[in-house]
Asker: 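Could you have a look at this structure, given as structure tokens, before my questions?
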There are 2 protein chains.
Amino acid sequence: MQNLSKNQQIIFDLIDKSPEPLKAYSILFNVQKRGIKAPLQVYRALDKLVEIGKIHKIESRNAFIACQNSSCQISKATAFSICESCEKVTEINNSNLSKYLTGFKDKNGMKYNKYNLEFFGLCKKCISKKS
Amino acid sequence: MQNLSKNQQIIFDLIDKSPEPLKAYSILFNVQKRGIKAPLQVYRALDKLVEIGKIHKIESRNAFIACQNSSCQISKATAFSICESCEKVTEINNSNLSKYLTGFKDKNGMKYNKYNLEFFGLCKKCISKKS
DNA sequence: TTACAAAATGTTATATTATAACAATATAAC
DNA sequence: GTTATATTGTTATAATATAACATTTTGTAA
């Protein structure tokens, strides 16, 4: 695996140490003191980091999270759980699930090479808060 | 099932007769001749139509498609196949898949009440074009 | 059939997310 | 060292989505 460029490293570090998914303009705000001034600089780094699998985009939230799976280099099979109350997002790493979905074939004969799955619900903390 | 309001009906009809997912501002452009002038009017109708399950949002494309499943009223379990070449989107209606995912429990103890799954690949047409 | 509540509409302004286009610089491969 | 590729920098703008407020319509029940 090649090294990250300067901007890529700055932005990856920020996302990687964040406990929650970060949005592009929040990232921009946080890295301005490090010399990254324009949205495009952020989006370019994000695109590359997604491409090489260091981060994932949470599509329903337009936000980015570091890959939790140390062996994941290219993101062809992603699954996340999202708490609709506190917005906590966790990457699901379940081999049964990934086997099932990677092998899934629909009747239309289309062969899939990638998928993204987002589960929504309430996390344990938020369930107990409400009861 | 209650009837749709005027704006909801106009926008649903447009989406329903479209062979491909439609984006909000493309919808806006197409319904201006019918008196819907502002983005918010479109987004409000879209929100409601999604809520009652008449349409789904394709998150990775920011586009909307009519529900293909006649029995689907509330969209708690959605799955789509997306061709990365021609962008054709099809709703997957596979009871094995939906049973598997609806029953899925992760080790974190979170209970899911909704999911959205997007598969990516090449459709039959696009595969044969390339060979 | 009025009155009340809920849903939907209309309108202007603005926030948020993302890319186009072009020039310059750095890095890797040969 | 030269060339190709990736990355950066910069300005402008496109595309997606919501805030806030006023008004009208619709459904429900007294």
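Only a predicted model underlies this, so the values are computations on that prediction, with no experimental measurement involved.
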Asker: May I have all residue pairs that pass ring pair (Phe, Tyr, Trp, His ring centres under 6.0 Å) and include part of residues 3-32 of chain B, sequence neighbours excluded?
Answerer: none

Asker: Measure the distance from CD on B:Gln9 to C1' on D:dT25 and round it to the nearest whole Å.
Answerer: 17 Å

Asker: Rounded to the Å, how far apart are B:Ile11 CD1 and C:dG10 P?
Answerer: 10 Å

Asker: Return the set of residues passing side chain to side chain contact (heavy atoms under 4.5 Å, CB included) with A:Glu84 (not counting sequence neighbours), or none when no residue passes.
Answerer: A:Arg61, A:Phe120, B:Asn113, B:Lys114

Asker: To the nearest angstrom, how far is B:Asn3 atom CG from D:dT25 atom C1'?
Answerer: 15 Å

Asker: Sequence neighbours excluded, which residues qualify as side chain to side chain contact (heavy atoms under 4.5 Å, CB included) partners of A:Ser5?
Answerer: A:Gln8

Asker: Using five base pairs at each end to define the local axes, how bent is the helix from C:dT1-D:dA30 to C:dC30-D:dG1, to the nearest 10°?
Answerer: 50°

Asker: Going by the rule side chain to side chain donor-acceptor pair (under 3.5 Å), which residues pair with A:Glu118 if we only count those two or more places apart in sequence or in a different chain?
Answerer: A:Ser60, A:Asn116

Asker: Under the ring-ring contact (aromatic ring centres under 6.0 Å, His included) rule, collect the residues that match up with B:Tyr43, sequence neighbours excluded.
Answerer: none

Asker: Do the side chains of B:Gln68 and B:Asn93 get nearer than 4.5 Å, heavy atoms only?
Answerer: no

Asker: Name every donor-acceptor pair, under 3.5 Å, that has one atom in a side chain of residues 30-38 of chain B and the other anywhere in the protein, sequence neighbours excluded.
Answerer:
residue : atom : partner : partner atom : Å
B:Asn30 : ND2  : B:Ser26 : O            : 2.8
B:Lys33 : NZ   : B:Asn30 : O            : 3.0

Asker: Starting from P on C:dT11, measure out to CG on B:Leu28 and report it in whole angstrom.
Answerer: 13 Å

Asker: With the sugar-phosphate defined as primed atoms, P, OP1 and OP2, and the base as all remaining atoms, what B/S/- string results for nucleotides 8-21 of chain D, 5' to 3', for protein heavy atoms under 4.0 Å?
Answerer: BBBB----BBBBB-

Asker: Rounding to a whole Å, what distance do you find between A:Leu46:CG and D:dA6:C1'?
Answerer: 17 Å

Asker: Tracing side-chain links under 4.5 Å among I, L, V, M, F, W and Y, which residues wind up in one group with A:Tyr112?
Answerer: A:Ile92, A:Leu97, A:Tyr100, A:Leu101, A:Phe104, A:Met110, A:Tyr115, A:Leu117, A:Phe119, B:Ile92, B:Leu97, B:Tyr100, B:Leu101, B:Phe104, B:Met110, B:Tyr112, B:Tyr115, B:Leu117, B:Phe119

